[in-house]
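Each chain gets a letter, A, B and so on, in the order its sequence line appears, and its residues count up from 1. These numbers were taken from a predicted model, which means no experiment stands behind them.
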Protein chains: 2
Amino acid sequence: MRTDDEATDAPTVPGGLGRTQDPEGVKRNILDVATREFAAKGFSGARVDEIAAKTATSKRMIYYYFRDKEGLFVAVLEEAYSGIRKIERRLDLGDLPPGEALRSLAEFTFDYQNAHPDFVRLVMVENIHNAVHLERSERIQSLNVSVIDVLDSVYRRGVSEGVFREGIDVIDLHMTISALSFFNVANRATFSKIFKCDMESEESLARRRAQVGETVVRYVLKTKA
Amino acid sequence: MRTDDEATDAPTVPGGLGRTQDPEGVKRNILDVATREFAAKGFSGARVDEIAAKTATSKRMIYYYFRDKEGLFVAVLEEAYSGIRKIERRLDLGDLPPGEALRSLAEFTFDYQNAHPDFVRLVMVENIHNAVHLERSERIQSLNVSVIDVLDSVYRRGVSEGVFREGIDVIDLHMTISALSFFNVANRATFSKIFKCDMESEESLARRRAQVGETVVRYVLKTKA
DNA sequence: ACGACAATGTACGAACCGGTACGTTTGGTC
DNA sequence: GACCAAACGTACCGGTTCGTACATTGTCGT
């Protein structure tokens, strides 16, 4: 069930020179478990005792490394955000024509959110709490949102090539992409139940991904006169 | 601060013939307070004692009428859903051309969600809990989603008039409208903080409303060849 | 007017839950 | 190998929180 915590006697910790005690591993382990718990049950619904129980260590360590429950949640959030930012930085759409680049970007976002439901749910939880933890974390605020730069360059290219219409704010465009991608994960439970439709199968996801891409591209494309 | 609970000695209860005791009023009062609390703090974050304190009656009444905390939450959800369904039924777009009708429908949804953040947040909360309460409530499941019928008729009209392209699923279309509208309220806190933008002012809302309408219309419009 | 039942208030209990006091082990250093 | 700080475990505490037992009042039917 567990994959790699404390597997070997000579741990793979980067910082240390080899020690049977493994602070980094313990922190990682706690963060992983906490991410799942907070994503599953929300901040108030998650129990420190339960997180501790699912950990390889004890509750003591949570307070030792993360100060308190809120500190743990902030760390979990930071981890989640830095994950997507890291991937965004690797985006490279330079060789595609603007329309297809934009479509890829939208579909990439859609795929990422689908592949990381915990991230989506943590963002939901943070929004329920009015983003107070996000406010408290300089680390998250210092992470620059590289996807905006990519989006901006694609958009400019499209405009200068005459295929995109002018006057669109890329933040707004990103919001549209995010909204369409986010909803599919965030509201899956209620929406699929009310409309009696499947939103998780490979086919449904592929269909929806294409729709999201199409929606976004159509929004920026110049209408032929 | 409070507007209309138990204002008069002869209460305004519909069912009764006038009684100093006012079961319907008490229920209403509890539901109103509980809606705000659950929407503000989530299911686990909301406290029964605090809900009771903000009520005109006592905690005892919550358990008397709603059995337990979950029962109260289900009732709150039912109330919230029946609210939007009631309004949907009043939608009438028969006299507008299909494109403008669709735009109105999208903008109407956008406006409704903005005007009812508690509804949006309750849906978020319910999704965090995997829609288990929604599952438990026959009343919600029996509420038919009339907006789909309206959307369907507009879409058919657009297709038969040759202005909309064929092959679009109206449920998918509704999902797009919902997603774009939902995000603006649901993710307002994190998004506005990360992108340092305002999402609540009248101007921002008007701009975004127009974008949402435009996005939806462009998705269904036939591309001119 | 009186019985019966719905409606309501008060006080309390038991489990839960976040957090800590206190003690022990581990590993690097000289 | 002695010492010290970092790393870790156990047991526990005090306040919180959901829920209920018990007592009381109001209202309607007859």
Among all residues two or more places apart in sequence or in another chain, which pass the salt bridge (charged side-chain N to carboxylate O under 4.0 Å, His left out) test with B/Asp49? B/Lys59
Output the rounded distance in Å from CZ (B/Phe66) to C1' (C/dT8). 15 Å
Could you check how far CZ of A/Arg28 sits from P of D/dA7, rounded to whole Å? 17 Å
Integer-rounded Å distance: C/dC16 C1' and A/Ile51 CD1: 15 Å
Over how many whole Å does the gap from A/Glu37 atom CD to C/dC17 atom P extend? 12 Å
A/Ile62 has an atom CD1; how far is it from atom P of D/dC8, in whole Å? 13 Å
By side-chain contact (heavy atoms from CB on, under 4.5 Å) - contacts of B/Ile140 (at least two apart): B/Leu77, B/Glu78, B/Tyr81, B/Leu134, B/Ser137
Applying side chain to side chain donor-acceptor pair (under 3.5 Å) to A/Arg103 and not counting sequence neighbours gives A/Glu100, A/Glu214
Looking at residues at least two apart in the chain, or sitting in another chain, which of them share a side chain to side chain donor-acceptor pair (under 3.5 Å) with A/Thr176? B/Arg208
On the nucleotide D/dC8, are OP1 or OP2 found under 4.0 Å from the side-chain N or O atoms that A/Tyr64 carries? no
When the distance from CE of A/Met61 to P of C/dG23 is rounded to whole Å, what number comes out? 17 Å
A/Arg28 and A/Glu24 ion-paired at < 4.0 Å: no
In B/S/- notation (B base, S sugar-phosphate only, - none; protein heavy atoms under 4.0 Å), nucleotides 10-19 of chain D written 5' to 3' is B------SBB
Applying a 4.0 Å non-hydrogen cut-off, can you work out what B/Tyr65 is touching in the nucleic acid: base, sugar-phosphate, or nothing? sugar-phosphate
Atom CG of A/Leu72 and atom P of C/dC17: how far apart are they, to the nearest Å? 16 Å
With sequence neighbours left out, what residues match A/Asp198 under side chain to side chain donor-acceptor pair (under 3.5 Å)? A/Ser201, A/Ser204
